[in-house]
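What follows is a short report on a single structure.
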Number of protein chains: 2
Amino acid sequence: MDSGYVTLEQVAEHAGVSLATASRVINGSTRQVSQRLRDRVTASAQQLGYLANASAQTLARNSSSLVGLLVHDISDPYFSSIAAGVTRCTEEQGLVLVLGTTGRSVQKEGRVLAALRSHRAKAVILVGSRSTDEESNARLAREIEAFRRQGGRVACVSQPGLPADTVSPDNASGAAALARHLVGLGHRRFAILAGPSDLRTARERLDGFHGALSAAGIALDHNNVMHGAFTRDGGYESTRRLMTLGTDATCLFAVNDVMATGAMAALRDLGMKVPGDLSVAGFDDIPTLRDLTPALTTVRLPLEEMGEKAAELALDVDHEGDFRVVTVPGEVVARESTAPPTAP
Amino acid sequence: MDSGYVTLEQVAEHAGVSLATASRVINGSTRQVSQRLRDRVTASAQQLGYLANASAQTLARNSSSLVGLLVHDISDPYFSSIAAGVTRCTEEQGLVLVLGTTGRSVQKEGRVLAALRSHRAKAVILVGSRSTDEESNARLAREIEAFRRQGGRVACVSQPGLPADTVSPDNASGAAALARHLVGLGHRRFAILAGPSDLRTARERLDGFHGALSAAGIALDHNNVMHGAFTRDGGYESTRRLMTLGTDATCLFAVNDVMATGAMAALRDLGMKVPGDLSVAGFDDIPTLRDLTPALTTVRLPLEEMGEKAAELALDVDHEGDFRVVTVPGEVVARESTAPPTAP
DNA sequence: CACGTCCTGGAAAACTCTTTCCCAGGGTAG
DNA sequence: CTACCCTGGGAAAGAGTTTTCCAGGACGTG
């Protein structure tokens, strides 16, 4: 209690039992220990203020109570919402969460994954879409395999196609439903902030939206599709570019909410009214959205639940074998940022 | 490389050196190793794909590369911004960040702290104001002492008075500066969303604001000070309550931005115009603020830098002895949510 | 040339647990 | 009554590092 550590050996000695017995009492192994000794050991542990040395346990068991969570940017509300769901689940189970931020860098991702492997983390949860680049996906798949071979478990959010359990929003259907809703409002000419062209999530949403338009007999002008960074500033920038080039669109769809937020800021700076001059819609329903004016129409994803579900998948030790995919439907939430187009 | 682990012993054998030498090469101890052996060992490690077992290292060194970060709620942009700053610093140093969320529960805080102790974490950073309750502060102080006795380092953000290095915003001065600014605009009657009455940060801001008003010869009506939860919903709720009771105030100060955000939503729902019917100001300058309409007047804190600074303090191993306090000034940022009061 | 010093490498202890193996004692079945 | 099994306890063998201690060789000095 003073300055050093209380070891299990000291507890055993204090209780007058062997080290083995003390260990069996404290962690509750399969072996039985008589009630009498059990009481003595717990009393001694209590009295001495025993706290197990986690690294010694990890070394002996070859498995730790650490769970990794990899996100691109923790200050992005999309990721922090998912992170909140993950923490809820891990804390329930007494596990310790390790947060790694990748900044979308494959190298950093690799470093964090290696660190988790080195710590014998029990599981890792990868959040956020990766690129569609074949090579970096293959490398990630190898890292995942290495992690799993060491006894770790893996789950992904928003990145289907990897060799792991996955929680994946139904991007295409959600975007299609949104498109139909907007067409229902009377819109015929759309502009799209499509994000990076090599990002899977971005592309699925674009394709779903585009597909639904095609099905409704509406063409999408190539000049109305802007690619750019998947961030608020990317949305701002893309919108300015779009407006500088000029557009005939009556409705702007940003494939995620942070870009839509940037778009709204750009339009405000340009003196354009939403939805009067242009309707705007996003995707994700991040919590900060409801405080925008006008409130943003979007496709709602249950972000916290998705994080929680991913953690459950990753920590469900019973399951072995093929990879499960949980598809999460998106729900169109109509708010004030979209309205029927005003007559031209 | 196949299914098991490569140990340092295997690397040593492969390189034809002793375990001790291999260890000295890989981690770079104080001891010299000849260039010849050095090359052999690194080559073998590379070839075999050696990855150190972190728990074994922790056990042997009695210190790990883990750094704890305790926040109340990671999905709150205030905390996630600070977290982003902390991660930047820890990743630079190759450390692994453990994220603990407390939900403002003292028990959970204790549990996380114990887990970090058990893992021999190198440092822990406590973010967010605690209560002004003497007893729970004393308990926290004891936990901190225990952590430090085990060789860990501690830093706090926004909670001065604890036995640890601290990064603390100058709440009183910032709030006072804001008050002077608002008085300068012509406001004389204020309402305040003061947060929980036992939260140190909240009280400092309230007191600073109040003090500046007094200095300007302005009284603060007791009925215009609403206490409530330190969250968006708390701000919403408090504002509704305030308006239901009725107020003569021309300006509303919420002691943090998330409450101000809730206040704006409540006013919108009540059909009141900001700043036309009521000016609103907050405190913190969380990133999401700039996308509100009208944009919120606030006191800007450099949140990411504060996180980074706290991490630096916690990881500055050179420093021993008395506790350093870094005071961070807040800067009034005037935006559209405040304007001179309209004639009564 | 002898002796002390410095430097490099290796053997082995230490770190704190978990778990296997072994043993004693008591109960049960034949 | 003996052989066998079952239960509960302890000794000891790991788990993979770091680090201390010791040995031997090179080198410098008197």
Side-chain angles (χ1 to χ4, degrees), chain A residues 3-41 44-45 48-66 114-115 117-122 150-151, chain B residues 3-42 44-45 48-66 115 117-122 150-151:
Chain A
S3 91
Y5 309 91
V6 180
T7 70
L8 191 54
E9 192 173 6
Q10 291 169 31
V11 173
E13 192 178 5
H14 186 272
V17 300
S18 78
L19 181 56
T21 301
S23 170
R24 292 197 264 253
V25 171
I26 300 288
N27 86 349
S29 80
T30 46
R31 286 278 304 262
Q32 292 282 326
V33 176
S34 68
Q35 190 60 47
R36 201 173 46 93
L37 292 192
R38 184 176 292 278
D39 291 346
R40 287 227 308 265
V41 172
S44 296
L48 299 178
Y50 172 72
L51 179 66
N53 180 325
S55 44
Q57 289 183 314
T58 301
L59 182 58
R61 297 187 179 137
N62 197 32
S63 165
S64 77
S65 58
L66 263 44
R117 210 141 53 87
S118 146
H119 279 278
R120 302 292 185 264
K122 191 188 285 299
Q150 305 209 342
Chain B
S3 90
Y5 310 89
V6 179
T7 70
L8 191 55
E9 193 173 6
Q10 291 170 31
V11 172
E13 190 179 5
H14 185 272
V17 300
S18 77
L19 182 57
T21 301
S23 170
R24 293 196 263 252
V25 171
I26 299 291
N27 88 346
S29 81
T30 45
R31 287 276 305 264
Q32 289 284 325
V33 176
S34 69
Q35 191 60 46
R36 202 173 47 91
L37 292 193
R38 182 176 293 279
D39 291 347
R40 286 228 306 265
V41 171
T42 48
S44 297
L48 298 178
Y50 173 71
L51 179 66
N53 182 323
S55 43
Q57 289 184 315
T58 302
L59 182 58
R61 296 184 180 141
N62 198 30
S63 165
S64 76
S65 57
L66 264 42
R117 209 140 54 85
S118 147
H119 279 279
R120 301 293 185 264
K122 192 187 286 297
Q150 305 212 342

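Residue numbers begin at 1 in each chain, while the letters A, B, ... track the order of the sequences. Everything numeric in this text was worked out from a predicted model, so none of it was measured.
Between the axis at the start and the axis at the end of the helix from dC1(C)-dG30(D) to dG30(C)-dC1(D) there is an angle of 50°, using five pairs per end and rounding to 10 degrees.
Enclosure of atom CD in E13(B) is not indicated, since only 12 or fewer non-hydrogen atoms of other residues, nucleotides or ligands lie within 6.0 angstrom.
Side-chain atoms of S44(A) come within 3.5 Å of backbone N or O of R40(A) as a donor-acceptor pair. No side-chain donor-acceptor contact under 3.5 Å links S118(A) to the backbone of A114(A).
To the nearest 0.5 angstrom, H119(A) atom NE2 is 5.0 Å from L66(B) atom CG. Of the inter-residue distances, the one linking I26(A) atom CD1 with L8(A) atom CG reads 6.0 Å to the nearest 0.5 angstrom. Summarising the geometry, atom CZ belonging to R31(A) is positioned 11.0 Å from atom OG belonging to S23(A); distances are rounded to the nearest 0.5 Å.
The residue N62(B) sits apart from the nucleic acid: no heavy atom pair falls under 4.0 Å.
In this structure, L59(B) places its CG atom 11 Å from P of dT18(D), rounding to the nearest Å. The CD1-C1' distance, from I26(B) to dT19(D), rounds to 16 Å in whole Å. Summarising the geometry, the separation between CD on Q150(A) and C1' on dG16(D) is reported as 13 Å, rounded to the nearest angstrom. Straight-line distance from the CZ atom of R61(B) to the C1' atom of dT19(D): 11 Å, rounded to whole Å.
Counted by atom type alone, S55(A) and T58(A) present zero donor-acceptor pairs between their side chains at under 3.5 Å. Q35(A) and D39(A) share a side-chain donor-acceptor pair at under 3.5 Å.
Put simply, N27(B) has no side-chain N or O that comes within less than 4.0 Å of OP1 or OP2 on dT17(D). Here Y5(B) does not reach the OP1 or OP2 of dT17(D): none of its side-chain N or O atoms lies under 4.0 Å away.
Put simply, chain B comes within 4.0 Å of DNA chain C, heavy atom to any atom, from dT8(C) to dT16(C), going 5' to 3'.
Looking only at side-chain heavy atoms (C-beta outward), R117(A) and L51(B) come within less than 4.5 Å of each other.
Listed here is the closest heavy atom pair of L37(B) and V17(B): CD2-CG1, 3.8 Å.
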Could you run down the sub-3.5 Å N/O contacts of the protein with nucleotides 7-10 of chain D?
| residue | atom | partner | partner atom | Å |
| --- | --- | --- | --- | --- |
| dG8(D) | N7 | R31(A) | NH2 | 3.4 |
| dG9(D) | OP1 | S34(A) | OG | 2.8 |
| dG9(D) | OP2 | S34(A) | N | 3.1 |
| dG9(D) | N7 | R31(A) | NH2 | 2.2 |
| dG9(D) | O6 | R31(A) | NH1 | 3.0 |
| dG9(D) | O6 | R31(A) | NH2 | 2.9 |
| dG10(D) | OP2 | S18(A) | N | 3.0 |
| dG10(D) | OP2 | S18(A) | OG | 3.2 |
| dG10(D) | OP2 | T21(A) | OG1 | 2.7 |
| dG10(D) | N7 | R24(A) | NH2 | 2.8 |
| dG10(D) | O6 | R24(A) | NH2 | 3.3 |

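Figure legend: R120(A) and Y5(B) shown as a cation-pi pair, the cationic atom lying under 6.0 angstrom from the six-membered ring centre and within 45 degrees of its axis.
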